[in-house]
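Notes follow the structure.
Position 1 is the first residue of the sequence, and the numbers go up from there.
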Amino acid sequence: MEYRKDYISFDTYFMGIAKLSGMRSKDPNTQVGACIVSHDNRILSTGYNGTPNGIEDKNFKWGREGLPLETKYLFVCHAEMNAILNFRGYKREFENAKIYVDLFSCNECAKLIIQSGIKEVIYLCDKYANSESVKASKMLFDSAKVKYRKLTIDHPTLKINFD
């Protein structure tokens with residue numbers, strides 16, 4: 001008997017883990033997940049966007065509009081940050097690692113990714129490509145020689161929505 005040929009790729013698998021992680025987010029508008037993978041395709045850590053550990057999610061506003069202290073932006077930790085901080089191993093394991101994330105990283109997360117030693121960002125969506133934050137991210141990644149690429153999922157039997 002021959003082996004199965006319609007299995008999913010590592011890229012699809014790891015992005016699926018990132019998407020599943022994002023489903024833990026309490027954010028009513030944007031659920032982002034991240035999955036950090038070693039150079040030899042071992043999952044090192046995962047994360048999703050949410051409030052810092054020990055803080056009750058219900059004690060903060062989750063809106064996108066209003067005064068800064070009345071929105072989520074000053075209080076939420078991004079998925080990339082959480083994935084990096086959730087890691088419990090040795091920092092050297094991040095050397096040449098990849099991070100899979102639904103949404104292209106902001107400039108603050110880009111700095112964390114670079115500092116951690118991750119060398120590739122694989123993302124699904126770049127809907128804020130024209131924002132100053134994402135433009136800065138790309139400048140940072142280019143300067144630090146961190147590769148980034150958009151993942152296109154095309155699998156006949158995959159039932160998960162990646163948009």
Side-chain angles (χ1 to χ4, degrees), residues 1-53 57 76-131 133-135 137-163:
M1 178 179 251
E2 210 172 319
Y3 70 90
R4 188 175 138 236
K5 303 261 198 264
D6 64 343
Y7 59 90
I8 62 174
S9 68
F10 274 124
D11 278 345
T12 300
Y13 172 65
F14 296 132
M15 189 60 78
I17 299 294
K19 290 292 288 182
L20 189 61
S21 297
M23 293 173 71
R24 286 278 311 139
S25 175
K26 312 292 189 311
D27 190 323
N29 299 301
T30 309
Q31 298 82 46
V32 178
C35 180
I36 301 173
V37 178
S38 68
H39 71 283
D40 60 348
N41 292 320
R42 289 181 303 113
I43 295 173
L44 298 174
S45 187
T46 61
Y48 56 89
N49 59 316
T51 55
N53 291 337
D57 297 303
V76 170
C77 297
H78 288 179
E80 300 94 326
M81 174 191 287
N82 279 327
I84 290 167
L85 294 175
N86 286 341
F87 180 63
R88 295 292 183 249
Y90 296 103
K91 185 181 178 302
R92 71 176 176 267
E93 292 182 67
F94 277 176
E95 292 173 10
N96 299 312
K98 302 175 278 194
I99 187 167
Y100 291 80
V101 63
D102 319 49
L103 191 58
F104 198 91
S105 302
C106 75
N107 63 300
E108 293 300 319
C109 289
K111 291 185 274 187
L112 291 169
I113 289 166
I114 292 164
Q115 289 296 89
S116 72
I118 294 169
K119 290 297 182 189
E120 186 173 9
V121 178
I122 299 99
Y123 64 95
L124 285 177
C125 178
D126 194 5
K127 71 178 176 180
Y128 300 113
N130 293 322
S131 71
S133 175
V134 171
K135 288 177 183 177
S137 294
K138 290 175 181 175
M139 291 171 66
L140 287 162
F141 287 149
D142 290 343
S143 293
K145 295 180 179 39
V146 172
K147 295 186 289 187
Y148 49 93
R149 63 181 165 92
K150 181 177 175 67
L151 182 61
T152 302
I153 306 289
D154 184 22
H155 190 274
T157 60
L158 199 59
K159 304 279 190 271
I160 298 173
N161 180 9
F162 284 100
D163 295 326

F87 and I36: side-chain contact (heavy atoms from CB on, under 4.5 Å), yes or no, with the steps? CA-CA 9 Å; F87 180 63; I36 301 173; 5.8 Å; no

Can I153 and L124 be said to form a side-chain contact (heavy atoms from CB on, under 4.5 Å), step by step? CA-CA 9 Å; I153 306 289; L124 285 177; 4.2 Å; yes

Report the C-alpha distance between D126 and K150 in whole Å, list the side-chain angles of each, state the deciding distance to 0.1 Å, and finish with yes or no for side-chain contact (heavy atoms from CB on, under 4.5 Å). CA-CA 8 Å; D126 194 5; K150 181 177 175 67; 5.9 Å; no

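Between R24 atom CZ and N82 atom CG the span is 11.5 Å, to the nearest 0.5 Å. Once rounded to the nearest 0.5 Å, the distance linking CD1 of I99 with CD of E80 reads 5.5 Å. Note that CD1 of I122 is 6.0 Å distant from NZ of K98, once rounded to the nearest 0.5 Å. How far CD1 of I17 is from NZ of K19: 13.0 Å, rounded to the nearest 0.5 Å. To the nearest 0.5 Å, atom CD1 of residue I84 and atom NE2 of residue H78 are 12.5 Å apart. Rounded to the nearest 0.5 angstrom, L140 CG and S105 OG are separated by 11.0 Å.
In this view, Y128 satisfies the ring pair (Phe, Tyr, Trp, His ring centres under 6.0 Å) rule with no residue, not counting sequence neighbours. Scanning for salt bridge (charged side-chain N to carboxylate O under 4.0 Å, His left out) contacts around E108 gives K111, with sequence neighbours left out.
In this structure, F104 and Y123 have perpendicular ring planes: the angle between them is above 60°, well past the 30° mark. A tilted orientation is assigned to the rings of Y100 and F14, their planes being inclined by 30° to 60°.
Side-chain atoms of S25 and N49 include a donor-acceptor pair closer than 3.5 Å.
Counting only distance, with no hydrogens or angles, the side chain of S38 and the backbone of R42 share a donor-acceptor pair below 3.5 Å. Side chain of S137 to backbone of A110: no donor-acceptor contact under 3.5 angstrom is found. The closest donor-acceptor contact from the side chain of D102 to the backbone of G33 lies under 3.5 Å. Judged by distance alone, the side chain of S45 and the main-chain N or O of A83 form a donor-acceptor pair under 3.5 Å. Side-chain atoms of S116 come within 3.5 Å of backbone atoms of I113 as a donor-acceptor pair (strictly under, hydrogens ignored). The main-chain N or O of V146 is never found under 3.5 Å from a side-chain atom of K119 such that the two would form a donor-acceptor pair.
Few gaps surround NZ on K135; more than 12 heavy atoms of other groups in view lie less than 6.0 Å from it. Within 6.0 Å of atom CG in N53, 12 or fewer heavy atoms from other residues, nucleotides or ligands are found, so the atom counts as exposed in its surroundings.
Judged by the 6.0 Å and 45° rule, K5 forms no cation-pi pair with Y7.
Closest approach of G89 to E93, counting heavy atoms only: CA-OE2, 3.9 Å. In terms of heavy atoms, F94 sits closest to L44 at CD2-CD1, 3.7 Å.
R149 has its side chain within reach of D11: a pair of non-hydrogen atoms, C-beta onward, lies under 4.5 Å apart.
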